[in-house]
Each structure stands twice: as C-alpha cells, then as structure tokens.
Amino acid sequence: MYKQLAEWLITSAHTTVLTGAGMSTESGVPDFRSSTGLWRNVDPKQVATVEAMEENYPLFYQFYAERIHALQKVKPHIGHDILANWERRGLITSIATQNVDGLHQAAGSKKVIELHGSIRQIRCRSCRRPVEESEFLQDSTCKVCKGNLRPGVVLFGEMLPEQAWQQAYTAMEQAELVLVMGTSLEVFPVNQLPFVSQGKIVMINLEPVHQEERFDLATHGKVGEVLQKVDDYLE
Ligand code: NAD
C-alpha cells in the first residue's frame, strides 16, 4: 500500500493534505483523545469553548498558558519534514490543518491553511488588538482597554475563519488526491472536507475513524512512520 500511495502521489497533478492532532503527537503534543482526563481531570473539549472563556476565564487562561508553555519546547518530527519536502518537490500543493501549533510552518511548509487558527497569535478579546505571547503568559489584561486576552484559536462554538475555509474547500475541489492524517474526523465541519474531492482519498491514522469505508485507501499506523515508508518508495 505504501508503494501504491507513492505512485498516486507521483501521478496526481494536485494533491492536498488534511491534518489533525495526531500529526503532532510524535512531537510530544497530546491529541484531544489521549489527553482527555489527563489535564487536571478536565476534558479539553469543555475548556476550549466560548462558555469557558466567558464564564470561567481563570481555567480557560490556565489551560492555554500551559499549552503555550508546553509548545515552546516542541519541534516538528520526521512526518512534518517529509510533508515540507514533498511541497518543495511539487508533490503536494497545500496542507489544511486543524492544528493550532504551527509545527507545519516550523518544518518549512509554506502553503499551510490553518482551519482552527493559531495558538501563537494572541489578541484582546474586546478590542482585538494583537498582543505579544509574553504578555499573555504574564496573565495581564489588555493595556489599552483592560479586556481579557485570548489565543487566536477557533473555540468550540465559534465560526471557522472564512478565508481559510474557502481556501481548503477549493483545494479539496481541485485535488486529484487527498491525504488525511492524524484526525478522528469527529469535528464538524472539517470532517466533511475530504469528501468534497472527486479524486482519491487516503486516510492515515493510528486507529479506525468514522466514515473510513468512504476512503479509497486507509492505513493504521503512526503518521511519521507511514510517511517515511511512502517516502522510501519515492526515492
Ligand atoms: P483528535 O484528538 O480527535 O483525533 C486525533 C486522532 O489522531 C485520533 O484518532 C488518534 O488515533 C490519531 N493519532 C494519534 N497519534 C497519531 C499518530 N502518531 N499517527 C497517526 N494518528 C495518530 O484530534 P482532531 O481530529 O484533530 O480534532 C480535535 C480538535 O483538537 C481539532 O479541532 C484540533 O484543532 C484540536 N487540537 C489540536 C492540537 C494541536 O494543535 N496539536 C492538539 C489537540 C487538539
């Protein structure tokens, strides 16, 4: 199947990639599934919400401040490097990601569509003024309007950034091959994106996911290891 995937990559004129939290676990960033219950016995899905930000800002703040601290020590892994290399070689045209950690860009990928925003871009909740990460980590309020600060991630209950959504949608429409990796495909509406494509769709994930039968090819394994095996066939 690795050989098959390598052949599809070479023959496809337009390949796009969709990544989720499983793309980053090999860098040491926990996904939502394995982290559930591990963070002070709070499910991240209950904290990464508009309600938590509005009604329990201290908990919301603590969650994101800890995540930002943790991300400062994290580096891209071989899987991120291979995708960046495939883009340079013209084998893939874009990566649409649900991840907010910036690891694709850190690996050198240029065309990255951030569907759920970026944890690295902090702003004031009230006046939307961009704020330095260091200011957020000091647990301060906005210097201008005293509003609470927040990371530029899309919280549960918020709309996706329209431009990113349009770009990802168009990439899927044009794609002859879509590689979906490290996502449970449980989060709407991103879980609809792969099926916009008229081309081949491939799933690479540690465990079986919803709607797996709709994929032309599905493999269960670690993204880094699978991409390395496909890359070996490309050499
Ligand atoms: P998810 O946690 O629901 O699913 C991750 C999937 O990846 C799981 O099915 C798991 O089996 C698989 N997986 C874990 N490690 C893997 C590996 N090494 N190789 C292959 N597969 C692996 O995550 P999701 O589908 O991205 O959706 C949840 C939401 O969580 C998204 O909205 C995303 O924005 C957010 N999130 C982002 C980060 C991040 O930026 N790194 C981390 C956690 C959650």
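Order of listing sets the numbers, starting from 1, for every ligand and every atom in it.
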What atoms in ligand 1 come closer than 4.0 Å to a heavy atom of [X]?
X	result
D101	39 (C), 40 (O), 41 (N)
S24	41 (N)
T25	14 (C), 15 (N), 16 (C), 17 (C), 18 (N)
G221	19 (N), 20 (C)
G182	5 (C), 6 (C), 7 (O), 21 (N)

Which bit of [X] gets closer than 4.0 Å to ligand 1, counting heavy atoms only: side chain, backbone, both or neither?
X	result
E114	neither
V29	side chain
V187	side chain

Heavy-atom nearest neighbour of [atom] within options [options]:
atom	options	result
atom 24 (P) of ligand 1	I204, V74, T19, T183	T183
atom 23 (O) of ligand 1	S118, G20, P30, A21	A21
atom 34 (O) of ligand 1	M181, Q98, E26	Q98
atom 37 (C) of ligand 1	T219, T97, N99	N99

- Take E114 and R120 through the test salt bridge (Lys or Arg N to Asp or Glu O under 4.0 Å) and record every step on the way to the result. CA-CA 12 Å; E114 290 182 314; R120 294 297 170 105; over 6 Å; no

- Message: Using a plain distance cutoff, I'd like to know if L206 has any nitrogen or oxygen under 3.5 Å from a nitrogen or oxygen of ligand 1.
- Response: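 The answer is yes, given that L206 and ligand 1 share an N or O pair closer than 3.5 Å.
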
- Is the closest N or O pair between E186 and ligand 1 shorter than 3.5 Å?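 Checking ligand 1 against E186, no N or O pair falls under 3.5 Å apart.
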
- Does the side chain to side chain contact (heavy atoms under 4.5 Å, CB included) test come out yes or no for I204 and V180, once each step is laid out? CA-CA 6 Å; I204 302 168; V180 182; over 6 Å; no

- Query: Does the side chain of I92 come within less than 4.5 Å of L177's, by heavy atoms?
  - Reply: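 No - every pair of side-chain heavy atoms lies 4.5 Å or more apart.
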
- Message: Could you tell me if the side chain of R125 sits less than 4.5 Å from the side chain of E54, heavy atoms only?
- Response: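 Counting from C-beta outward, E54 and R125 do come under 4.5 Å.
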
- Evaluation steps, side chain to side chain contact (heavy atoms under 4.5 Å, CB included), between M1 and L217: CA-CA 8 Å; M1 82 132 271; L217 200 66; 3.8 Å; yes

- Query: How would you list all residue pairs meeting ring pair (Phe, Tyr, Trp, His ring centres under 6.0 Å) that involve residues 198-231, not counting sequence neighbours?
  - Reply: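 Matches after skipping sequence neighbours: F195-F215.
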
- side-chain hydrogen bond (donor to acceptor under 3.5 Å, both in side chains): which pairs involve residues 172-183, sequence neighbours left out?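 For residues 172-183: Q98-T183.
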
What do you reckon, is [atom1] of [X] surrounded by more than 12 foreign heavy atoms closer than 6.0 Å?
X	atom1	result
R88	CZ	yes
Q72	CD	yes
E213	CD	yes

- Query: Does H210 have a non-hydrogen atom less than 4.0 Å from ligand 1?
  - Reply: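 The answer is no, since H210 has no heavy atom less than 4.0 Å from ligand 1.
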
